[in-house]
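Residue numbers start at 1 and run along the sequence shown.
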Amino acid sequence: ADNKELKDFLVAVDKLKIPDTEGEIKTADQLDILWSEFLATGKYSPIKKIVSALALSKYKGTLDKLKSGEIKNRTQEIEKEAYLGATYQSAVWSLISNCKQMPLVFKYCVFIYENESLSQDIKGQLGAILSVVQKEIQKEIKTNKGS
């Protein structure tokens with residue numbers, strides 16, 4: 001019986017598709033894998049890869065336009081763009097959230113901003129994210145001092 005269980009397990013493992021994080025980031029699953037890798041190791045490379053997902057900003061708003069009916073023709077291409085837009089929103093949200101909660105993520109993002117060669121678009125977005133995080137951290141510090 002153990003042998004059959006092992007075979008079944010190996011078949012199940014074989015079917016398991018863990019998202020590849022090489023190349024461009026296109027899914028929220030890839031972001032989850034990268035955050036898990038960072039949380040497990042504290043490594044810089046997953047954060048740099050997550051920042052690269054800011055390139056998906058060109059798809060921002062497609063999902064909202066689909067929902068509102070502004071885009072009437074729901075093609076596969078439009079659905080793909082909506083999905084990429086949602087992945088972009090996840091990247092932005094997770095970077096802001098984790099920069100606020102984990103000083104190491106914030107330090108890595110500042111380092112990426114100051115030292116990595118980024119497109120103007122990604123550099124501008126990362127700068128805006130860091131600015132939002134700084135303001136929110138300062139607001140929390142003021143609030144906590146008052147209590």
Side-chain angles (χ1 to χ4, degrees), residues 8-147:
D8 290 347
F9 175 74
L10 290 173
V11 167
V13 166
D14 212 34
K15 287 181 185 164
L16 198 66
K17 291 271 184 274
I18 295 174
D20 185 9
T21 55
E22 297 302 311
E24 278 182 71
I25 300 303
K26 293 182 177 148
T27 70
D29 290 347
Q30 288 173 303
L31 293 172
D32 290 344
I33 297 282
L34 289 164
W35 281 116
S36 299
E37 185 186 337
F38 167 76
L39 291 169
T41 64
K43 283 184 180 170
Y44 174 78
S45 57
I47 303 301
K48 187 177 168 199
K49 194 75 183 179
I50 292 164
V51 168
S52 78
L54 296 177
L56 297 174
S57 66
K58 57 182 167 267
Y59 303 109
K60 185 172 67 174
T62 308
L63 188 61
D64 295 333
K65 287 177 188 165
L66 255 180
K67 284 181 184 169
S68 72
E70 195 180 320
I71 295 176
K72 306 235 184 306
N73 192 4
R74 191 185 189 116
T75 62
Q76 268 189 313
E77 187 59 32
I78 291 294
E79 285 187 6
K80 186 178 145 202
E81 287 182 14
Y83 190 74
L84 292 170
T87 302
Y88 167 75
Q89 299 289 40
S90 295
V92 171
W93 178 85
S94 64
L95 281 166
I96 290 173
S97 176
N98 289 314
C99 274
K100 276 176 25 187
Q101 294 170 39
M102 292 180 264
L104 185 57
V105 176
F106 186 74
K107 283 179 187 162
Y108 282 169
C109 285
V110 169
F111 184 86
I112 291 167
Y113 180 81
E114 291 177 347
N115 299 288
E116 293 288 352
S117 73
L118 304 169
S119 72
Q120 280 306 109
D121 177 43
I122 291 179
K123 189 168 180 125
Q125 290 186 68
L126 184 56
I129 287 169
L130 291 170
S131 175
V132 165
V133 169
Q134 265 182 313
K135 284 181 186 138
E136 289 186 17
I137 289 171
Q138 285 166 346
K139 200 165 36 177
E140 283 173 24
I141 290 169
K142 279 183 189 160
T143 307
N144 291 338
K145 276 186 181 169
S147 56

Student: So do Ile50 and Leu95 actually touch side chain to side chain, heavy atoms under 4.5 Å?
Tutor: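 With C-beta onward as the side chain, the pair touches.
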Student: Could you tell me whether the side chain of Gln30 and the main chain of Thr27 form a donor-acceptor pair under 3.5 Å?
Tutor: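 Side chain of Gln30 to backbone of Thr27: a pair is present.
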Student: Atom NZ in Lys48, atom CZ in Phe111: separation rounded to 0.5 Å?
Tutor: 9.5 Å
Student: For Ser52 and Ile25, work out which heavy atoms get closest and say how close.
Tutor: OG-CG1, 4.2 Å
Student: Can you tell me if Asp121 and Gln125 form a side-chain donor-acceptor pair at under 3.5 Å?
Tutor: yes
Student: For a quick test of reading the model, state the closest non-hydrogen atom pair linking Ile112 to Val51 and the distance between them.
Tutor: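 The answer is CD1-CG2, 4.0 Å.
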Student: Rounded to the nearest 0.5 Å, what's the gap from CD on Gln76 to NZ on Lys80? Could you check?
Tutor: 10.0 Å
Student: Measure from NZ or CZ of Lys26 to the centre of the six-membered ring of Tyr83, then state whether that distance is under 6.0 Å and the direction lies within 45° of the axis.
Tutor: no
Student: So which heavy atom on Gly23 is nearest to which on Lys49, and how close?
Tutor: O-NZ, 2.6 Å
Student: Given 3.5 Å as the limit, does a donor-acceptor pair link the side chain of Ser94 with the main chain of Ser90, or not?
Tutor: yes
Student: Ignoring hydrogens, what is the shortest heavy-atom contact between Glu81 and Tyr59? Give both atom names and the distance.
Tutor: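 Nearest heavy atoms, Glu81 then Tyr59: O-CB, 3.4 Å.
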Student: Evaluate the criterion side chain to side chain contact (heavy atoms under 4.5 Å, CB included) for residue pair Phe106 and Lys100; output intermediate values, then yes/no.
Tutor: CA-CA 7 Å; Phe106 186 74; Lys100 276 176 25 187; over 6 Å; no
Student: When the aromatic ring centroids of Tyr44 and Tyr108 are compared, is their separation below 6.0 Å?
Tutor: yes
Student: To the nearest 0.5 Å, what is the distance between CD1 on Ile33 and OG1 on Thr21?
Tutor: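 So the CD1 of Ile33 and the OG1 of Thr21 are separated by 7.5 Å.
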Student: Return the SG to CD distance between Cys109 and Glu114, rounded to the nearest 0.5 Å.
Tutor: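 Output value for this atom pair is 11.5 Å.
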Student: Do you know which two heavy atoms are closest between Phe38 and Pro46, and how far apart they sit?
Tutor: N-CG, 3.9 Å
Student: Just wondering, more than 12 heavy atoms not from Glu24 lying within 6.0 Å of its CD?
Tutor: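 Result for CD/Glu24: open.
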Student: State, to 0.1 Å, how close Tyr88 and Ala53 come at their nearest heavy-atom pair, and which atoms those are.
Tutor: CD1-O, 4.0 Å
Student: What I want to check is whether the side chains of Glu79 and Thr75 have a donor and an acceptor closer together than 3.5 Å.
Tutor: no
Student: Roughly how far, to the nearest 0.5 Å, is CG of Asn98 from CG of Leu104?
Tutor: 11.0 Å
Student: Among Thr41, Leu39, Ile47, which residue satisfies the side chain to side chain contact (heavy atoms under 4.5 Å, CB included) criterion with Lys43?
Tutor: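 So, applying the side chain to side chain contact (heavy atoms under 4.5 Å, CB included) to Lys43 and each of Thr41, Leu39, Ile47, only Thr41 qualifies.
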Student: Between Ser131 and Gly127, is there a donor-acceptor pair closer than 3.5 Å when you use the side chain of the first and the backbone of the second?
Tutor: no
Student: Nearest 0.5 angstrom please: Leu54 CG to Ile122 CD1, how far?
Tutor: 6.0 Å
